[in-house]
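Heads up: the structure comes next, in structure tokens.
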Amino acid sequence: MAGFGLWCARAGLTGLIAAAIVMPSALTASATERPGRQDSGEREMNFSHVTSHALAEALVRRGDLIRVRPFPERFGGPATPENSVYVPANTEVALDFAHDRISGLIDLKSIDRMVVKPRYRGKSVVPVAITYICKGKGKGSITMTIDIW
């Protein structure tokens with residue numbers, strides 16, 4: 001991993017979140033059949049060939065990918081390249097769900113720290129998963145992983 005950013009940000013009026021984002025330095029989307037599922041016609045997403053930001057941007061223009069901030073703006077996530085990843089558009093719902101859960105724990109003052117860890121496969125710039133590790137003095141500590149592809 002080429003870069004590491006550490007930000008402390010105020011999450012509205014609810015409390016202080018300290019978050020770390022681990023990012024890679026450096027996308028053709030293709031679908032592959034799932035093993036054992038040949039009869040169903042179900043296909044699995046595969047972004048392993050998407051190894052440049054230029055290719056990822058082309059997929060954004062085509063509507064296959066969107067850009068999101070893994071450390072969300074509502075928690076004070078900075079508008080920087082290190083806090084920007086490419087994900088399939090249908091991933092946004094799962095990310096919103098995770099962010100809503102985190103907001104609830106902040107409101108309850110159960111957490112005051114968050115680490116965001118995108119996980120990549122090979123040289124792809126599209127993460128296969130994003131993990132949120134939230135901790136605090138309360139009972140609300142939680143780890144959530146959003147599987148992307």
Side-chain angles (χ1 to χ4, degrees), residues 1-31 34 42-149:
M1 300 202 196
F4 176 84
L6 179 65
W7 295 274
C8 291
R10 184 158 296 283
L13 300 174
T14 58
L16 186 65
I17 291 284
I21 301 179
V22 181
M23 304 296 295
S25 60
L27 288 165
T28 346
S30 64
R34 292 183 185 183
E42 236 180 275
R43 300 182 71 79
E44 184 177 293
M45 289 185 289
N46 183 344
F47 294 95
S48 60
H49 297 93
V50 185
T51 57
S52 74
H53 292 283
L55 187 50
E57 285 297 326
L59 291 174
V60 167
R61 287 189 297 279
R62 197 168 86 180
D64 292 340
L65 295 175
I66 60 172
R67 263 179 268 115
V68 299
R69 292 183 185 157
F71 180 26
E73 184 176 355
R74 67 177 161 174
F75 302 142
T80 61
E82 296 82 15
N83 188 32
S84 181
V85 298
Y86 300 96
V87 297
N90 62 354
T91 306
E92 196 167 27
V93 172
L95 290 170
D96 285 344
F97 175 80
H99 300 161
D100 288 346
R101 287 288 306 269
I102 293 165
S103 287
L105 292 172
I106 293 169
D107 291 344
L108 293 170
K109 300 190 184 326
S110 296
I111 63 169
D112 58 7
R113 292 178 305 279
M114 177 173 70
V115 176
V116 180
K117 291 184 176 182
R119 188 177 76 232
Y120 295 85
R121 182 176 299 154
K123 294 183 180 184
S124 179
V125 298
V126 178
V128 294
I130 299 174
T131 299
Y132 293 90
I133 304 166
C134 305
K135 297 184 178 184
K137 295 178 183 173
K139 297 179 183 178
S141 296
I142 188 169
T143 298
M144 292 182 281
T145 299
I146 309 301
D147 292 322
I148 297 170
W149 64 278

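Hydrogens, waters and symmetry mates are skipped; everything else that's a heavy atom, side chains included, is used.
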Atom pairs and distances, side-chain donor-acceptor, residues 87-95, under 3.5 Å, sequence neighbours left out:
| from | atom 1 | to | atom 2 | distance (Å) |
| --- | --- | --- | --- | --- |
| T91 | OG1 | P88 | O | 3.1 |

R74 and D96: salt bridge (charged side-chain N to carboxylate O under 4.0 Å, His left out), yes or no, with the steps?
CA-CA 11 Å; R74 67 177 161 174; D96 285 344; 5.3 Å; no

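I142 CD1 to M114 CE: the interatomic distance, rounded to the nearest 0.5 Å, is 12.5 Å. Summarising the geometry, atom CD1 belonging to I130 is positioned 13.5 Å from atom CZ belonging to F71; distances are rounded to the nearest 0.5 Å. Here CD1 of I111 is found 4.5 Å from CD1 of I106. Values are rounded to the nearest 0.5 Å. Atom CG of D147 sits about 6.5 Å away from atom CZ of R119, to the nearest 0.5 Å.
Considering every non-hydrogen atom in both F47 and L65, the closest pair reads CE2-CD2, 3.6 Å. Across all non-hydrogen atoms, the minimal contact from A129 to T145 is CB-CG2, 3.9 Å. Closest of all the heavy-atom pairs between R69 and A79 is NH2-CB, 2.9 Å. Of all heavy-atom pairs between I146 and A98, the closest is CD1-CB, 3.9 Å. Across V85 and P70, no two heavy atoms sit closer than the pair CG1-CG, 3.9 Å. When all heavy atoms are compared, the tightest approach of W149 to S48 is CH2-N, 3.4 Å.
Using a distance-only test at 3.5 Å, with no hydrogens or angles considered, no donor-acceptor pair links the side chain of D64 to the main chain of L59.
A heavy-atom distance below 4.5 Å is not found between the side chains of R113 and V115. The side-chain heavy atoms of M144 and I102, taken from C-beta on, include a pair separated by under 4.5 Å. Counting heavy atoms from C-beta outward, V128 and Y120 have side chains that stay 4.5 Å or more apart.
Applying the salt bridge (charged side-chain N to carboxylate O under 4.0 Å, His left out) test to R67 and every residue at least two apart in sequence or in another chain returns E57. For the side chain to side chain contact (heavy atoms under 4.5 Å, CB included) test, residues two or more places apart in sequence or in another chain that qualify with A58 are R61. Legend: residues meeting side chain to side chain donor-acceptor pair (under 3.5 Å) with T143, ordered by chain and number and at least two apart, are absent.
Screening residues 89-108 for ring pair (Phe, Tyr, Trp, His ring centres under 6.0 Å) gives H99-Y132 as the qualifying pairs, with residues at least two apart or on separate chains.
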